[in-house]
Amino acid sequence: MKFLIKPIIDKYLENKSYEYVNYSIDYPPEAVFGDYSTNLAMVLAKKIKQNPINIAQDFKAFCENSEFSNKFKIKIEKPGFINFFLTNETISKEFLTLYQKKETYFQFENMPKKKIQIEFVSANPTGPLHIGHGRGAAIGDSLARILNFLGYNVVREYYINDAGYQMYILGLSTFLRYKELLGQKIEFPQDAYQGEYIKDIARDLIKTYQDNLLSMDNAIDICLDKAKNTIMNDILHDMENFKVTFDVFFSESSLFQNNEVEHTIELLKSKGFTYEKDGALWLKTTQFNDDKDRVLIKQDGKYTYLSSDIAYHKNKFLKRGFDMVIDIWGSDHHGYVARLKAALEALGIDSQKLIVLLVQFVNLIQENNKISMSTRKATYIELKELIKEIGTDAARFIFVSKSINSHLDIDISLLKKKSMDNPVYYIQYAHARIMSILEKSNCNNELDESMIKLLQETEEINLIKSLLQFKEYLHDSAKTLEPYLITKSLLMISEKLHQFYNKHKVIGENKDLSCARVGLIKTVAFVLALGLSLIGIQAKNKM
RNA sequence: GCGCCCGUAGCUCAGCUGGAUAGAGCAACGGCCUUCUAAGCCGUGGGCCAGAGGUUCGAAUCCUCUCGGGCGCGCCA
């Protein structure tokens, strides 16, 4: 309920006609310091060269003479912290609002109309998804759910890199395995796809075509199509099991078919941002903050990957009119951000509308050694396997509960052994506990102000506070694009619920109190289910 | 060599627009089920916040350097 605190501080600053002051409102480290605290006095002290304690006292007096005086109490601490203690009345009132408004309590008052695209996973259809992709998938999907809930118009997109050399290699790899299985001698190149799944696809091809492909001119194309479709289906199947969906699958090759790549390059040319050198066409990205200029058309006349990517992002912004585009990439692509943004600027598109989230790699721990995931070195674990071992909920929770900047280490053998220790069960258990109590209770009265006033125990107040804080975490999560804040809040709510449960009975002799408590835990269950749904995890009724 | 991310408890991670004795989960140890789910609750131990300087009333947080790890630095995608 920071929004209860902020107005009074701003009013104070306005009253004193101080210019912009960069103060913060935080949760104090311990409950004895109150519900909220601000460093206002200490920040001001520097600015106006006064003792922070004096400023704090002045602020306190100002509050006590304002219409806010009954909402919270203020205490001043050592260096100059101003601590706010919400009164139980304030908390009850706020809780009643939450109870009545349900999800709209957590949404913005003015629903944003912004059109946001989130592009994520976008793994090349050249092999199965591994747990690195799983991290990007869980984060992208959760962000989409969160922003969608807050009222943004969100489109989830998967970009299929189905053009270019990699695809040719995929087709070739498949064709070679096909020949091999038919008893021919082949040389399998090192940069071909080594995985067993290629052989499976080749086997399917033999079922369909017998040995007829050997004499066909377009054999590699047929192999490529088959491989691409098979792998894409496998990826989709994994995503479905991981509860990740997409609205749009955008094909890179369609950009070539529609001449969008060509037109984009022409546009850049006409704007004068290109030049020819060494038989190639270059884009002057250095004019827009890049280290060096980049090639658009190679000596051999083919477009670079950057060219189609510029066309793709031009399509996002100019053709489809997204107000904001969030690309979720692996951190290995970070060097690519500057050139793409530069290209957008060259096209006259505000590059700030493009937000690239770089998700750090997932490292595997095997026998106490870190191994980075690589498809080539075959040091990866398929997402399928992780889901099979610990389930979608536990797997998603691991990915979503960490900041995207953290270098995540996963020891799969440890995970298997201790999968029941996953904190997701702590939350789901809290929900299941509530549902079990609700089955036994027969109170269906709606909460009103007088009933809420019965909830005065420390554990009840703490539980209510944690529910109200969910709003802050949710909004911070959307603002910072960090879904882990949701998990953090849900864990706190669950903790408060378990503490309450262990100390107090919901169903008891006092009918009114029982009903009030039923209303309370119903609301807890509602918020837990809402929060879990925002990270794509099931709320369980029984465990 | 240059750039990005990171180094916090035995393990996995929060805290990093500078603030109050550095947090959580797991692991370890000790308690709590004749009463709504013990996948829970209560308690204990555990840290030169990689290291060294600096700025500041105040640094895990900001600056510089060093060490260690991951990833980039293609007319690959």
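Throughout, protein chains are lettered first and strands after them, A, B, ... in sequence-line order, and every chain is numbered starting at 1.
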Identify all side-chain donor-acceptor contacts of residues 163-175 of chain A below 3.5 Å with residues at least two apart in sequence or on another chain.
from, atom 1, to, atom 2, distance (Å)
A:Gln166, OE1, A:Tyr193, OH, 2.6
A:Ser173, OG, A:Ile169, O, 2.6
A:Ser173, OG, A:Tyr193, N, 3.2
A:Thr174, OG1, A:Leu170, O, 2.8

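Listed by first then second residue, pairs satisfying salt bridge (Lys or Arg N to Asp or Glu O under 4.0 Å) with a partner in residues 483-510 of chain A read A:Glu459-A:Lys503, not counting sequence neighbours. Sorted by first and then second residue, the salt bridge (Lys or Arg N to Asp or Glu O under 4.0 Å) pairs involving residues 274-286 of chain A (not counting sequence neighbours) form an empty list. For the salt bridge (Lys or Arg N to Asp or Glu O under 4.0 Å) condition, no pair includes a residue of residues 125-137 of chain A, sequence neighbours left out.
Proximity note for A:Val295 (side chain, C-beta onward) versus B:C75, B:G70, B:A14: the nearest is B:C75. Here B:A20 is the nucleotide among B:C75, B:A20, B:A77 with the atom lying nearest to any side-chain atom of A:Pro28.
Annotation: B:U56 and B:C62 have their C1' atoms spaced 10 Å apart (nearest Å). Remark: the separation of the P atoms in B:G70 and B:G47 is 28 Å, to the nearest Å. Nucleotides B:G69 and B:G30 are separated by 39 Å at their C1' atoms, to the nearest Å.
Below the 3.5 angstrom threshold, one finds no donor paired with an acceptor across the side chain of A:Asp332 and the base of B:A77. Judged by atom type and distance alone, A:Ser401 does not reach the base of B:A14 through any side-chain donor-acceptor pair under 3.5 Å.
Under 4.0 Å is where a charged nitrogen must lie from a carboxylate oxygen, and between A:Lys542 and A:Glu439 at least one such pair does.
An anti base is found at B:C41: its glycosidic angle is more than 90° from 0.
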Can you pull every protein N or O that's under 3.5 Å from an N or O on nucleotides 21-23 of chain B?
from, atom 1, to, atom 2, distance (Å)
B:U21, N3, A:Glu30, OE2, 3.3
B:U21, O4, A:Glu30, OE2, 2.6

What protein N or O atoms touch nucleotides 54-61 of chain B N or O atoms at under 3.5 angstrom, if any, and at what distances?
from, atom 1, to, atom 2, distance (Å)
B:G58, O6, A:Lys46, NZ, 2.8

Identify the pairs formed between an N or O of the protein and an N or O of nucleotides 33-36 of chain B at a distance under 3.5 Å, and give each distance.
from, atom 1, to, atom 2, distance (Å)
B:U35, O2', A:Lys505, NZ, 3.2
B:U35, O2, A:Lys505, NZ, 3.4
B:C36, O2, A:Ile507, N, 3.3
B:C36, N3, A:Val506, N, 3.0
B:C36, N4, A:Tyr501, O, 3.0
B:C36, N4, A:His504, O, 2.3

Please list each protein N or O that sits under 3.5 Å from an N or O in nucleotides 25-31 of chain B, with the distance.
from, atom 1, to, atom 2, distance (Å)
B:C26, O2', A:Lys418, NZ, 3.1

So which protein N/O to nucleotides 44-47 of chain B N/O distances come out below 3.5 Å?
none

(message) Return a single string for nucleotides 1-7 of chain B, one symbol per nucleotide in 5' to 3' order, where B is base contact, S is sugar-phosphate-only contact and - is none, cutoff 4.0 angstrom on heavy atoms.
(response) --BBBS-
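Of the side-chain N and O atoms in A:Tyr426, one or more sit less than 4.0 angstrom from OP1 or OP2 of B:C41. Note on A:Lys298: a side-chain N or O is less than 4.0 Å away from OP1 or OP2 of B:C76.
Taking a pair as Watson-Crick or G-U wobble with both distances under 3.5 Å, RNA chain B forms stems of 3 or more consecutive pairs at B:1-7 with B:67-73, B:10-13 with B:23-26, B:28-32 with B:40-44, B:50-54 with B:62-66.
A ring-centre distance under 6.0 Å is not found for A:Phe85 and A:Tyr36.
In this view, A:Asp327 and A:His313, A:Lys316 satisfy the side-chain hydrogen bond (donor to acceptor under 3.5 Å, both in side chains) rule, not counting sequence neighbours.
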